[in-house]
Amino acid sequence: MNVRKNKLVPLAALGLVGGLALSACGGGSSASSSSEGSDAGGAAGAGNYAELTGNLAGAGASSAANAQTAWTETFMGMTQAEGGDLTVTYDATGSGTGREQFLAGQVAFAGSDAAMDEEELASSAEVCNGEQAFDVPLYISPIAVVFNLEGVDSLNLPPEVIAGIFAGDVTTWNDPKIAEHNPDADLPDTDIVPVHRSDDSGTTENFTDYLSQNAPDAWTHGPVETWPISGGQSGNGTSGMISTVQGGEGTIGYADASQVGDLGVASVQVGDEFVEYSADAAAKAVDVSPRAEGREDNDIVFELERTTEESGVYPIVLVSYLVMCGSYSDTQTGEAVKSYASFITSEQGQQIAAENAGSAPLTEELSTEVQKSIDSISVG
């Protein structure tokens, strides 16, 4: 199996400014004026970069950390080249914490591997200048089932076996349930050590959603953002998960595929075939998935189809969302959000993510729809 390495394509030597520069995203006057006439949309705000100043802070999903690093460095370089002076920071705190910081007005945008729920959307008006926040897809990537087992680089695992492992019911690597699908693998009697995320994680929610839809008898905890089983080994954030799996023999975990490094990776069963993760296979999973019902037109969320048997689809996939206010009282902050969001969801921004994180770019049609949502943000 060709395991993808985590390699960050060198960018302009701009240096990512550390720390979290807070930028209020709401409050103030309830009056708002539309900025649809501005040039913040389209070509990622081209021509307006000279006017972008101050600090723009975001936080959230660690799955897209590599992409966010590439995006912030590139975008700051572009603004500086045009004469602007905007510092953009992204703190990979995890999806849950990122949404909490956004709703507390501590950051101007959030990244989340789980879309805002009804309660969060309703409360967002308090920090969004009286208007509701919304989600748009930003980053589509497979979640890899990674393991550290000497002499074994790849395995075929059906969903009920993956669920049994993480539920604690399949406990050794030479268990017949694993061996029957891997006749050529030299499986030891080593104990299986499942590793989970210790933080509130959208990756965990996507992974357990896959387990609950495909193996409900083996995984009875449903889709959850916080790991439901006490004890066991864990890691904070995507990097912490990978580090924990790397640090022990017989470990197995789940993580955004951009950070798997040299770990072994499982192919998962879809219908009668076992499918390796890839950006294309993840994109196909989104293509076969319907939109979530009951949301505002600018709130673009998918109900991921985990149980498809369509060939070539990798169903353990996450769609990381960009969470923004429908209105920003501060013009400087609002215009910065619109320009940055337009850039990272544009063809150029999506290609940067693909090169640096191996994600699947948004389709042209979806990117156009996302831009309409970004254009709808009012400022001032």
Side-chain angles (χ1 to χ4, degrees), residues 20-60 68 71-72 75-76 78-80 82-90 98-99 101-112 116 120-138 295-300 321-346 348-349 367-380:
L20 182 63
L22 302 185
S23 180
C25 61
S29 171
S30 60
S32 64
S33 61
S34 173
S35 63
E36 292 180 8
S38 74
D39 196 28
N48 275 345
Y49 289 164
E51 302 173 10
L52 299 178
T53 60
N55 299 314
L56 177 64
Q68 285 285 0
W71 283 329
T72 54
F75 187 73
M76 286 192 293
M78 292 167 64
T79 58
Q80 290 167 11
E82 294 290 331
D85 186 24
L86 179 70
T87 297
V88 185
T89 59
Y90 182 83
R99 296 197 309 276
Q101 291 182 354
F102 173 78
L103 291 173
Q106 297 173 334
V107 294
F109 67 91
S112 179
M116 301 271 278
E120 290 172 324
L121 289 171
S123 66
S124 67
E126 297 178 12
V127 293
C128 287
N129 205 23
E131 292 193 21
Q132 188 169 277
F134 64 96
D135 313 84
V136 295
L138 171 69
R295 289 182 173 264
E296 297 295 329
D297 291 342
N298 65 345
D299 195 26
I300 304 172
Y321 295 94
L322 180 62
V323 182
M324 297 171 286
C325 285
S327 177
Y328 290 86
S329 60
D330 182 77
T331 299
Q332 178 177 286
T333 299
E335 293 294 354
V337 168
K338 294 181 74 169
S339 288
Y340 183 64
S342 295
F343 166 66
I344 62 181
T345 58
S346 69
Q348 178 187 5
S367 182
T368 299
E369 188 175 354
V370 166
Q371 185 60 55
K372 289 181 180 178
S373 294
I374 296 169
D375 289 342
S376 73
I377 297 173
S378 63
V379 301

To the nearest 0.5 Å, how far apart are CE in Met324 and OG in Ser376?
8.0 Å
Rounded to the nearest 0.5 Å, the OG1 atom of Thr89 sits from the CG atom of Asn55 at a distance of 7.0 Å
Could you check Thr87, Val337, Thr72, Val107 and say which one makes a side chain to side chain contact (heavy atoms under 4.5 Å, CB included) with Leu56?
Val337
Identify the two heavy atoms, one from Ala50 and one from Glu82, that lie closest to each other, and give their separation to 0.1 Å.
CB-O, 3.1 Å
When every non-hydrogen atom of Met116 is compared with those of Arg295, the smallest separation belongs to O-NH2, 2.7 Å
Side chain of Ser367, backbone of Thr345: donor and acceptor closer than 3.5 Å?
yes
To the closest 0.5 Å, what do you measure between SG (Cys325) and CZ (Phe134)?
9.0 Å
When rounded to the nearest 0.5 angstrom, what distance separates CD in Glu369 from CG in Asp297?
9.0 Å
Rounding to 0.5 Å, atoms CD (Glu335) and CD1 (Ile377) come to a distance of 9.5 Å
Main-chain N/O of Ala336 paired with Ser339 side-chain donor or acceptor, under 3.5 Å
no
Derivation of the side-chain contact (heavy atoms from CB on, under 4.5 Å) call for Leu138 and Trp71:
CA-CA 12 Å; Leu138 171 69; Trp71 283 329; 3.7 Å; yes
Atom pair OH/CE of Tyr340 and Met76 - distance to nearest 0.5 Å:
8.5 Å
Write down the atom of Arg99, the atom of Ser112, and the distance for their closest heavy-atom approach.
NH1-OG, 2.9 Å
Grab the two heavy atoms, one from Ala108 and one from Tyr328, that are nearest each other, plus how far apart they are.
O-OH, 2.8 Å
Asp299 backbone acceptor or donor facing Asp135 side chain under 3.5 Å
no
The criterion is side-chain hydrogen bond (donor to acceptor under 3.5 Å, both in side chains); which residues satisfy it with Gln132, sequence neighbours excluded?
none
Heavy atoms of Asn129 and Gly380 approach each other most closely as ND2-O, 3.8 Å
Do the ring planes of Tyr49 and Phe75 sit parallel (below 30°), tilted (30 to 60°) or perpendicular (above 60°)?
perpendicular
Nearest non-hydrogen partners of Val127 and Gly105, listed with the distance
CG1-N, 3.9 Å
